[in-house]
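Working notes for the structure below.
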Amino acid sequence: MSLTPPEPVLLKPDHNLSHPSSSARDSVTFVASSTLDREGDEDVQSEFRHEAYGPQPGEEGWDKFEVRFEPDELANPHNWSRAKRWYMTSVAGLLVLNATFASSAPSGMIVQLEEHFGFGREVGTLLIALFVAGYCVGPLLWGPLSEQYGRRPIFLITFFVYTCFQVGCALSPNTAAILIFRFLGGVFAAAPLTNSGALISDLWDPDTRGKALGVFTLGPFAGPSVSPLISGFMAVAGVSWRWIFWLLAFFAVAPSLRIPYVSYAIISSPILLVRKAEKLRKDTGDSRYWAPLERQHVGFVRRAKDVVYRPFKILFTEPMLLAISLYMSFVYGCLYLLFEAYPVVFTDGHHFNPGISGLMFLPILVGGVSGVICYLLIWNPRYVKAVEQFKPNPVPPEYRLEQCMAAAPLFAISFFWFGWTSYPSVSYWAPMMAGLVMGFSIIWIFLGLFNYIIDAYLFVAASALAGSTVMRSCFGASFPLFATQMYEGLNPRWASTLLGLLSTLMAPIPFVLFKYGHVLRRHSKFAPTPPEIVVEEQKKDVESQ
């Protein structure tokens, strides 16, 4: 499929300008600053650019004693060895896998839990919903704290507390205790979901970030897909429900032991600059060296505003981000809805035990793995080629949407497939294999839209992602609450058809953004974009490549 977004704006490079070390940051910072200089308008974008990267040489407030990373400096995470960076990426992926594995782990033990505590199916569903609801709170806490104190202490503290709450679930004496422990466990499990993405952004340049995110993105989908299989067979084997939570506690300890050994790799870049400034002051005896974080004396009210208010302000004032977040949230909610829908189809309809019903989730995982492999073989090389074509300017974010346009129809088709093959008289292989297409399309949708948010909202990407994550978690927590009633009331055919129709209604979102995203970004206060000027000479150079 050969697609080309509307012609991007291209500017001739000004080699007299000096920029931060990141290549993507260089390009976009140049574009934004050039726009502002030419128009003479220090607008909101300039405010966020200064907040994110500080003033550049020649701009008001620039100080030669401000400590920054040099282009080839080894202290800069982008310049570490690839082996070291891939190791850190694997640690981040394992932490996310652990956290998401716990989200749906009790699904295979619901019957035992209902019998032990005497609650109904709706309360049993809360064991999954409340854990995911914790993801709504966690991102607002752990992201800003990691920027202030570094990622390593936040990872260590949150995962230790998260492990303690798993022990609390295993020892719960009553319904209230286990529900509270599940919610609090989700709050602390959200740390890797929030900070691992930021860690990958610290480690990788835009050219390679797609590969790293491709591997990393498997975690949020592999965990929920595998845990029903394990808990289901534990239930069939007659193991006590308490052991699923002991398993989660043991599983949490394993990656936690790796965290202290990753050293500076999970310390955020602002913290590394502080340490560099401290070393320079000590080595030179000159106290004028300083790092930006050392001068950020932000009051509680301002910090609370940045942490809580800004993500939602960006989310609800940016139609582009709101549409993306709504689509991602719907897809994410559908994934968690399946933990209630699959038992209706396979346990009630095909009379499988919990263990065999858990096996039905495996095609989702296989589809996800296949999606990542195809992404690395097809879409990432196309993006790398685009990077070379557009140098020294950034690749327009719309190039991230190509795989979303291919995946959006597939996601809708997967629900029609699942629904109309869910008759007990039809082989279980038919609805089961719909999960293959579903997992495949989910990965492509998430990879494309996640990268699009980062590229489009470069200066405020953390806040944009935080708002999107909270909305997505709300959908993931709420969808399971009505899934059983919907699939039993409408029957699996019409319930899945309804989801397929909603998916069809949302499928045009990436197509619209692909065509008009550059227009929306020109009117955005938060998405940096160049002016409506195309340099014909450079345009011809790009077209000739």
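A distance of 6.0 Å or more separates the ring centres of F446 and F450.
In this structure, R382 forms no cation-pi arrangement with Y399, as its terminal cationic atom is not both closer than 6.0 Å to the ring centre and no more than 45° off the ring axis. Taking the ring axis of Y332 as reference, the NZ or CZ atom of R472 stays within 45° of it and closer than 6.0 Å to the ring centre.
When side chains are defined from C-beta on, S325 counts as touching L315, because their heavy atoms get closer than 4.5 Å. Counting only heavy atoms from C-beta outward, the side chains of P228 and F339 approach each other to under 4.5 Å. For the pair L337 and Y487, the minimum side-chain heavy-atom distance is below 4.5 Å. Looking at L247 and I230, their side chains come closer than 4.5 Å, going by heavy atoms from C-beta outward. In this structure the side chain of T125 never reaches within 4.5 angstrom of the side chain of I110, judged on heavy atoms.
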Next item on the list: Please assess F188 against F160 for the test side-chain contact (heavy atoms from CB on, under 4.5 Å), listing each intermediate value before the final yes or no.
Entry: CA-CA 9 Å; F188 284 86; F160 172 76; over 6 Å; no
Notebook entry, point to check: When you look at W243 and F250, which way does the side-chain contact (heavy atoms from CB on, under 4.5 Å) test go after all the steps?
Noted result: CA-CA 10 Å; W243 274 103; F250 297 147; 4.0 Å; yes
Notebook entry, point to check: What do the steps show when you test Y383 against N451 for side-chain hydrogen bond (donor to acceptor under 3.5 Å, both in side chains), and what is the final call?
Noted result: CA-CA 11 Å; Y383 189 81; N451 275 305; over 6 Å; no
Next item on the list: Show your reasoning for whether side-chain contact (heavy atoms from CB on, under 4.5 Å) applies to F165 and R182.
Entry: CA-CA 7 Å; F165 284 129; R182 283 290 289 173; over 6 Å; no
Next item on the list: Begin with the C-alpha distance, continue with both residues' side-chain angles, and end with the deciding distance and a verdict on side-chain contact (heavy atoms from CB on, under 4.5 Å) for Y327 and I324.
Entry: CA-CA 5 Å; Y327 190 31; I324 293 171; 6.0 Å; no
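A 6.0 Å sphere centred on CH2 of W420 holds more than 12 heavy atoms belonging to other residues, nucleotides or ligands.
When all heavy atoms of F131 and A99 are compared, the closest pair comes out as CE2-O, 3.5 Å. Among all heavy-atom pairs drawn from S172 and F181, the shortest one is OG-CD1, 3.6 Å. Between Y342 and M360, the closest heavy-atom pair is CE2-O, 3.4 Å. Minimum interatomic distance between P510 and C404 (heavy atoms only, all atoms of both residues): CB-CB, 3.7 Å. Annotation for P106 and A102: closest pair CD-O, 3.8 Å, computed over non-hydrogen atoms.
Checked against S107 for a side-chain contact (heavy atoms from CB on, under 4.5 Å), the options I128, L127, L229, L338 give a single hit: I128.
The aromatic rings of F346 and F418 are tilted relative to each other, their planes meeting at an angle between 30° and 60°.
A salt bridge does not link E318 with K313: every distance from a Lys NZ or Arg NE/NH1/NH2 to an Asp or Glu carboxylate oxygen is 4.0 Å or more.
Remark: F101 CZ to S103 OG distance equals 9.5 Å, nearest 0.5 Å.
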